[in-house]
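Notes to accompany the following structure.
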Amino acid sequence: MVDPDQDRMLPIANVGRIMKGILPGTAKISKEGKQTMQECATEFISFVTGEASDKCHKENRKTVNGDDICWALTALGFDNYAELESSHETLQSRAATGN
């Protein structure tokens, strides 16, 4: 039976691929382990984007951007992730402009 919440979840294949990339090559990952990580990652993303969306709503904006995500990460105590996201955005911006 298909879980009705499955549509809002990250694809399990992608979650498994990320997990395999981090673990030693001989490690095995159970289906339940992948599902648990899928649920946790999806919940984390929803938590952060919900906070960013609330900020945008209060500012009468409809579009959440990268700065809003960084703000939400910092506001929720995930400063290290916010710094990584800012660095990533800078690199993407430079790559897009060819600098």
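Note: hydrogens, waters and symmetry copies are ignored here, and every other heavy atom, side chains too, is used.
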_My understanding is that only residues two or more places apart in sequence, or in another chain, count here; which of them pass side-chain hydrogen bond (donor to acceptor under 3.5 Å, both in side chains) with Lys55?_
Glu59, Asp68

Closest contact, heavy atoms only, [X] versus [Y]:
X: Ala82; Y: Cys70; answer: CB-O, 3.5 Å
X: Ala72; Y: Ala52; answer: CB-N, 3.8 Å
X: Thr63; Y: Arg61; answer: O-NH1, 3.4 Å
X: Arg8; Y: Ser46; answer: NH1-OG, 3.8 Å

Distance check, rounded to the nearest 0.5 Å: [X] atom [atom1] versus [Y] atom [atom2]?
X: Ile45; Y: Cys40; atom1: CD1; atom2: SG; answer: 11.5 Å
X: Glu51; Y: Thr49; atom1: CD; atom2: OG1; answer: 10.0 Å
X: Lys62; Y: Ser53; atom1: NZ; atom2: OG; answer: 12.5 Å

ILVMFWY network linking [X] to [Y], side-chain heavy atoms under 4.5 angstrom:
X: Val64; Y: Phe78; answer: yes
X: Leu73; Y: Leu76; answer: yes
X: Ile29; Y: Val15; answer: yes
X: Leu10; Y: Phe44; answer: no
X: Ile69; Y: Phe47; answer: yes

*So Ser30 and Gln35, side chain to side chain contact (heavy atoms under 4.5 Å, CB included) or not? Walk me through it.*
CA-CA 9 Å; Ser30 69; Gln35 288 172 335; over 6 Å; no

_Is it the case that the side chain of Thr42 and the backbone of Gln38 share a donor-acceptor pair, with hydrogens and angles ignored and the cut-off at 3.5 Å?_
yes

*Does atom OH of Tyr81 have more than 12 heavy-atom neighbours, drawn from other residues, nucleotides or ligands, at distances under 6.0 Å?*
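Check fails, neighbour count at 12 or below.
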
*Is it the case that more than 12 heavy atoms not belonging to Met37 sit under 6.0 Å from its CE atom?*
no

